[in-house]
S.K.: 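For reference, the structure I am asking about is given below.
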Amino acid sequence: MTDQKTLCQNAKCEVATTGKCHLGHDPVERCPSYAHNDVVPDDAGVAAEPTTDRLAPVEICSGDVMHLEDLAALARTTPVRVVALVGDQRAGKTTLIASIYAMYCKGPFAGMAFAGSRTLVGFAKRHHLALLNSGRADPTTPRTSRDEPVAFFHLALSDAVGSPVHLVFSDRSGEAYGDARIVTDLIQNLPELLQADRVCFLLDGAKLASKEQRPAYARQFKQMIHALLDNGALVNVKAVEVLATKFDLTKRGDADEQVRYLDAYERTLVAEFKARGLTVDCYRICALPKAEQSVGFLGLDEAIKRWTAPPPRPELGPDPMADTPRQIDRMLAKATTGDAA
Amino acid sequence: VNPNRYLVFGFQASGKTTFAAALWHLVDSREVQTALAKGKHVGDFRYLEEIARLWCEGWQVERTKMQQVEEIKINVQHPGSGNELVLEFADLSGETFEKAFATRLCPPTFVDLVKDASGLLLFVSADRFLDDVTILDAFAGEEAEHAVEEDQGDETPWDPAKTPLQVQIVDLLQALRLAPFVKRPFKVAVIVSAWDLAAETSGAAWLEKKMPLLDQYLRNAEAAAEVRVYGVSAQGGQLPKKGEPAGPDRDRLLALDRPSERIKIVGTDVGEHDLTAPLLWLSGLDKRT
């Protein structure tokens with residue numbers, strides 16, 4: 001059986017055992033802290049703690065990366081622009097994401113200011129090995145495990161004029177994309193592509209700079225885009241980009257030869273996919289210039305500007321009419337189509 | 001929501017307790033004119049008296065109790081309008097915020113305090129360790145030959161405590177907008193403490209330069225209805241912990257006849273020593289004359 005005492009709210013007061021009020025009230029009933037019916041077992045030993053402190057702690061939002069259901073919930077309340085980053089392992093997907101976050105940690109960037117992120121903890125986890133307090137001598141990015149599901153990073157950016165643009169980047173392990181390229185049934189396991197407004201294929205500058213790895217890699221890179229195109233994974237996509245990463249490596253060694261090869265390869269990509277009805281734009285980036293610092297952070301600001309640019313306004317005029325009997329309509333049709341014949 | 005209840009938000013050593021101590025001395029001593037004057041002396045002032053005594057004696061004001069929340073209530077009067085009100089602060093220990101960031105859990109008390117608050121006093125200190133320097137920044141200009149090779153990654157686990165402070169603050173401020181808080185936008189008074197070490201012309205300039213992510217967030221996100229930034233030196237200089245040898249400023253500060261003049265504050269519509277100015281602005285009484 002538990003022995004119980006009537007306690008004073010004042011932790012220092014020993015009225016329960018001495019009969020004297022710690023604040024000198026006499027009679028003790030005058031003390032506003034006295035005679036509260038907070039009765040606790042003797043062995044509790046925490047009489048001074050407010051009751052609420054003993055309640056279970058409350059969970060707050062994780063701040064970590066979002067998953068598909070989180071993205072769907074966010075998209076229900078906020079218009080989002082999803083940028084899917086596709087590439088082999090170590091192509092630089094996570095590094096690109098971490099570097100964009102790091103840019104905003106230093107101030108406004110690419111004409112946009114940071115206006116929030118649901119995934120700041122996720123960003124911080126991807127960037128911690130680039131900080132001096134990590135104890136490392138060279139910066140790096142944690143590898144994304146193939147066991148991890150697709151992750152989404154959120155960044156709200158404001159140009160101080162309109163509403164913030166909510167960018168969402170997808171990230172998953174390069175192995176998963178490599179597997180889906182070889183066994184195309186696995187493409188259906190890449191739902192981020194159906195969510196994406198824009199798909200960015202990351203072309204690994206390190207592999208392209210290596211004459212040994214270049215031949216196979218150049219073929220497999222194109223194969224990836226063909227695979228997604230042939231299997232309907234790009235049907236909802238409004239823009240396709242190729243981002244040649246690690247441009248600092250491309251500028252080392254025989255830089256002229258490497259840049260010449262990259263130029264030619266990009267032209268091939270554009271032509272090859274144009275023939276298939278897919279517009280591909282090529283850009284070069286350096287998100288972590290550790291090999292050749294003179295290159296600096298390259299292409300990130302242009303990328304942010306492209307990804308946050310206002311969408312093209314829809315054409316509000318009437319569609320040109322074909323074979324219309326009225327001369328005025330025929331003239332309008334010619335003016336619209338530019339047909340001067 | 002209590003219209004005169006403010007949440008004091010700040011990590012460890014951000015100057016929250018020193019501010020409270022100096023504020024109490026300032027209004028209680030009536031040594032200098034303040035925008036909000038002290039009202040009736042009715043209440044439980046044990047905590048305030050304890051920390052104000054340390055402040056008066058020229059020692060660093062340290063949190064002596066490890067309670068998660070210290071309730072501070074000060075009766076004040078607004079001479080301009082004649083209004084009397086009770087300023088209430090919930091002074092949470094900095095540890096509460098650090099643990100919340102790391103564990104994603106917070107005490108239920110904190111949820112109640114946030115829901116009840118009408119404004120926020122956000123403390124950051126100009127006396128801070130640079131925690132956001134990147135390796136590339138630190139070794140700018142030095143070529144890293146070894147880094148050309150593909151590194152094999154590093155599985156050193158992430159340590160939440162090493163996350164830059166401004167990121168932790170922004171993350172928790174954002175959390176206030178979501179469940180379980182679902183806080184509507186409210187006024188935020190940013191107090192840059194240890195202002196004597198800041199070497200900047202204004203609190204806003206300091207925030208923009210030293211905590212740019214937080215600065216952008218406060219100016220662009222919906223979380224803050226209005227923001228003002230104040231630079232505050234609540235103790236007036238560098239002071240030792242109690243019992244330690246006097247630092248460079250203690251003797252000078254103790255020599256002042258009116259200890260309230262140790263206090264320095266810069267910002268919009270502030271008197272030189274008037275710590276009540278941010279509270280007046282938060283209360284909205286500055287618009288009533």
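Below, chains carry the letters A, B, ... as their sequence lines are ordered, and counting in each starts from 1.
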S.K.: So for B:A179, is it side chain, backbone, both, or neither that comes closer than 4.5 Å to the heavy atoms of chain A?
M.R.: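 For B:A179, the backbone is the part near chain A, not the side chain.
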S.K.: Checking heavy atoms, do the side chain of A:A124, its backbone, both or neither come under 4.5 Å from chain B?
M.R.: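 Both backbone and side chain.
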S.K.: Please confirm whether the backbone N or O of A:S62 pairs with a side-chain atom of B:R104, one donor and one acceptor, at under 3.5 Å?
M.R.: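 Yes, because the side chain of B:R104 sits within donor-acceptor range (under 3.5 Å) of the backbone of A:S62.
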S.K.: Tell me if the NZ atom of B:K73 is crowded by more than 12 foreign heavy atoms within 6.0 Å.
M.R.: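 No, NZ of B:K73 has 12 or fewer neighbouring heavy atoms, counting only those of other groups under 6.0 Å.
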S.K.: If you look at every heavy atom in B:P108 and A:P57, which pair is closest and at what distance?
M.R.: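 Closest approach of B:P108 to A:P57: CD-CA, 4.3 Å.
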S.K.: Under a 4.5 Å cutoff for heavy-atom pairs, which residue among B:L130, B:D44, B:L105 has the most contacts with chain A?
M.R.: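 Looking at each of B:L130, B:D44, B:L105 in turn, B:L105 comes out on top.
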S.K.: Where is the tightest heavy-atom contact between B:P212 and A:C105, given as atom of each residue plus distance?
M.R.: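 Closest heavy-atom pair between B:P212 and A:C105: CG-O, 3.1 Å.
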S.K.: Could you go step by step and tell me if A:I60 and B:L172 meet the side-chain contact (heavy atoms from CB on, under 4.5 Å) rule?
M.R.: CA-CA 9 Å; A:I60 65 173; B:L172 291 182; 3.9 Å; yes
S.K.: Rounded to the nearest 0.5 Å, how far apart are OG1 of B:T163 and CZ of A:F123?
M.R.: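 Result: 13.5 Å between the selected atoms.
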S.K.: Just wondering, do B:T109 and A:L55 contact through their side chains at under 4.5 Å, heavy atoms?
M.R.: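 Side chain of A:L55 against side chain of B:T109, heavy atoms only: no contact under 4.5 Å found.
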S.K.: Would you mind telling me which of A:G63, A:P164, A:P108 has the largest number of heavy-atom pairs within less than 4.5 Å of chain B?
M.R.: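 Among the listed options, the one with the most contacts to chain B is A:P108.
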S.K.: Tell me, yes or no, whether the heavy-atom count around A:E69 atom CD, taken from other residues, nucleotides or ligands under 6.0 Å, exceeds 12.
M.R.: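 For A:E69, atom CD is crowded (more than 12 foreign heavy atoms under 6.0 Å).
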S.K.: Looking at A:A156, A:S117, A:G135, which makes the most heavy-atom pairs under 4.5 Å with chain B?
M.R.: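 Highest number of pairs under 4.5 Å: A:S117.
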S.K.: Of the non-hydrogen atoms in B:A221 and A:A115, which two are nearest, and what is the gap between them?
M.R.: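 For B:A221 and A:A115, the tightest heavy-atom pair comes out as CB-O, 3.3 Å.
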S.K.: If you draw a 6.0 Å radius around CD in B:E222, do more than 12 non-hydrogen atoms from other residues or ligands fall strictly inside?
M.R.: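 Incorrect, the count does not exceed 12.
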S.K.: Nearest 0.5 Å, what's the CG-OG1 distance between A:L132 and B:T134?
M.R.: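 With rounding to 0.5 Å, CG (A:L132) is 8.0 Å from OG1 (B:T134).
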S.K.: Less than 4.5 Å to any heavy atom of chain A: does that hold for the side chain of B:V167, its backbone, both, or neither?
M.R.: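 Both parts, heavy atoms under 4.5 Å.
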S.K.: Minimum heavy-atom separation for B:P180 to A:E59, with atom names?
M.R.: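 Shortest heavy-atom contact: CD-O, 3.5 Å.
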S.K.: At what distance, to the nearest 0.5 angstrom, does CG of B:D159 lie from CG of A:L131?
M.R.: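 Those atoms lie 11.5 Å apart.
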S.K.: I need the residue from B:V133, B:I135, B:L213 with the largest number of non-hydrogen atom pairs under 4.5 Å to chain A.
M.R.: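 Top option by heavy-atom pairs under 4.5 Å: B:I135.
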S.K.: What part of B:F110 gets within 4.5 angstrom of chain A, counting heavy atoms only: side chain, backbone, both, or neither?
M.R.: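 Neither; nothing under 4.5 Å.
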S.K.: To check you understand the geometry: which heavy-atom pair defines the closest contact between A:M112 and B:Q216, and what is its length?
M.R.: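 Taking every non-hydrogen atom into account, O-OE1, 4.4 Å.
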S.K.: If I take atom NZ from residue A:K106 and atom CG from residue B:D137, how far apart are they, to the nearest 0.5 angstrom?
M.R.: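 So the NZ of A:K106 and the CG of B:D137 are separated by 3.5 Å.
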S.K.: Verify side-chain contact (heavy atoms from CB on, under 4.5 Å) between B:N220 and A:F114, making sure each step is shown before the conclusion.
M.R.: CA-CA 7 Å; B:N220 295 288; A:F114 175 81; over 6 Å; no
S.K.: Using a cut-off of under 4.5 Å for heavy-atom pairs, which of B:L176, B:L214, B:D171 has the most such pairs with chain A?
M.R.: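 Among B:L176, B:L214, B:D171, the one with the most close pairs to chain A is B:D171.
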S.K.: What's the separation between atom OG in A:S134 and atom CH2 in B:W158, rounded to the nearest 0.5 Å?
M.R.: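 Result: 14.5 Å between the selected atoms.
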S.K.: Could you grab the distance from atom CD of B:Q174 to atom NE2 of A:H154, nearest 0.5 Å is fine?
M.R.: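 Going from CD on B:Q174 over to NE2 on A:H154, the span is 8.5 Å.
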